[in-house]
Amino acid sequence: MSIIDKALEANRKYARNYNPTMGKRPAPKLVVVTCMDPRLSDLPGILGLPQADIDVIRTGGPAVTEDVLGELVVSNRVLGTTEILLLNHTGCGFTTFTDEELNAKLSASTGDASPAPMRFFSYKDPEENTREQIKKVRSHPWIAKDVPVRGFIFDVDTGLLREVQPIAQQTAA
Ligand SMILES: [Zn+2]
């Protein structure tokens with residue numbers, strides 16, 4: 001039996017105890033951008049918040065792409081979240097290759113070099129990645145200035161979060 005088939009079987013049991021009030025419109029308070037890595041999945045545990053309070057946007061890395069910016073705007077302006085947390089982590093798979101290397105490897109291993117090179121948003125330093133994300137989100141005109149945008153690195157060995165300080169704002173000339 002495939003994993004998905006097992007999951008479907010488990011879902012029938014899950015639905016028996018499902019709280020139907022969850023079907024109402026969600027009212028999340030915090031939006032988290034984090035990596036696809038499964039070690040980042042227990043956000044209610046990591047952050048000590050109810051699942052219903054957390055809007056989650058997940059990408060590899062994570063990468064704050066144009067799509068992610070759009071989702072952050074919807075989260076703030078449509079769903080009503082009031083704070084933005086950018087959650088990076090140690091030991092990220094996206095630091096283990098460069099986009100060029102992975103494109104070359106996939107062309108070679110599949111024997112098909114026809115796809116245009118893919119953008120995987122690989123990176124080297126989670127701290128630098130977090131600073132760039134803060135800058136990118138903070139500078140978007142549709143993210144209100146009174147919405148806190150803070151970046152953290154989750155240590156996969158200890159479970160602790162460490163805050164990354166944003167790049168100091170340049171003083172106006
Ligand atoms: Zn990752």
Side-chain angles (χ1 to χ4, degrees), residues 2-4 6-7 10-11 26 28-76 79 81-110 112-113 115-140 142-143 147-168:
S2 78
I3 297 166
I4 294 174
K6 276 187 194 161
N11 172 259
K29 296 173 177 146
L30 171 75
V31 55
V32 178
V33 180
T34 197
C35 187
M36 62 201 264
D37 190 303
R39 293 170 290 186
L40 280 306
S41 293
D42 183 21
L43 289 173
I46 292 170
L47 302 173
L49 291 167
Q51 185 174 294
D53 286 0
I54 316 169
D55 236 0
V56 186
I57 302 169
R58 294 187 81 162
T59 63
V64 175
T65 61
E66 284 302 308
D67 290 345
V68 168
L69 284 169
E71 288 151 9
L72 284 172
V73 168
V74 169
S75 183
N76 283 179
L79 295 168
T81 52
T82 56
E83 299 189 31
I84 297 174
L85 195 160
L86 305 169
L87 187 52
N88 284 250
H89 68 108
T90 60
C92 185
F94 283 76
T95 62
T96 62
F97 53 80
T98 66
D99 284 20
E100 294 71 24
E101 283 164 7
L102 189 54
N103 275 293
K105 193 175 166 184
L106 292 169
S107 296
S109 67
T110 63
D112 189 342
M118 296 187 102
R119 187 81 200 271
F120 296 109
F121 298 96
S122 61
Y123 66 99
K124 284 292 162 223
D125 176 26
E127 202 150 315
E128 194 188 308
N129 200 42
T130 308
R131 284 203 194 89
E132 280 166 17
Q133 291 166 354
I134 297 172
K135 198 173 147 196
K136 204 165 177 180
V137 174
R138 188 71 290 169
S139 60
H140 198 283
W142 289 350
I143 301 291
V147 169
V149 178
R150 293 169 67 182
F152 295 83
I153 296 172
F154 176 77
D155 187 323
V156 297
D157 294 313
T158 65
L160 284 170
L161 294 178
R162 180 166 59 81
E163 185 152 18
V164 175
Q165 294 309 319
I167 305 158

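Read the numbers this way: they start at 1 and go in the same order the structure lists the ligands and their atoms.
- The two residues Val156 and Thr90 make their nearest non-hydrogen contact at N-OG1, 3.0 Å.
- In this structure, NZ on Lys136 lies 10.5 Å from NE2 on His140, to the nearest 0.5 angstrom.
- Summarising the geometry, atom CG belonging to Leu85 is positioned 8.5 Å from atom CD belonging to Glu163; distances are rounded to the nearest 0.5 Å.
- Protein nitrogen, oxygen and sulfur atoms, that is N, O or S, within less than 2.8 Å of the Zn ion (ligand 1) amount to 3.
- The number of heavy atoms from other shown groups lying within 6.0 Å of NZ (Lys6) does not exceed 12.
- Residue pairs meeting the side-chain hydrogen bond (donor to acceptor under 3.5 Å, both in side chains) criterion with at least one partner in residues 31-46, sequence neighbours excluded, are Asp37-Arg39, Ser41-Arg58.
- Side chains of Thr81 and Asp55: no donor on one and acceptor on the other come within 3.5 Å.
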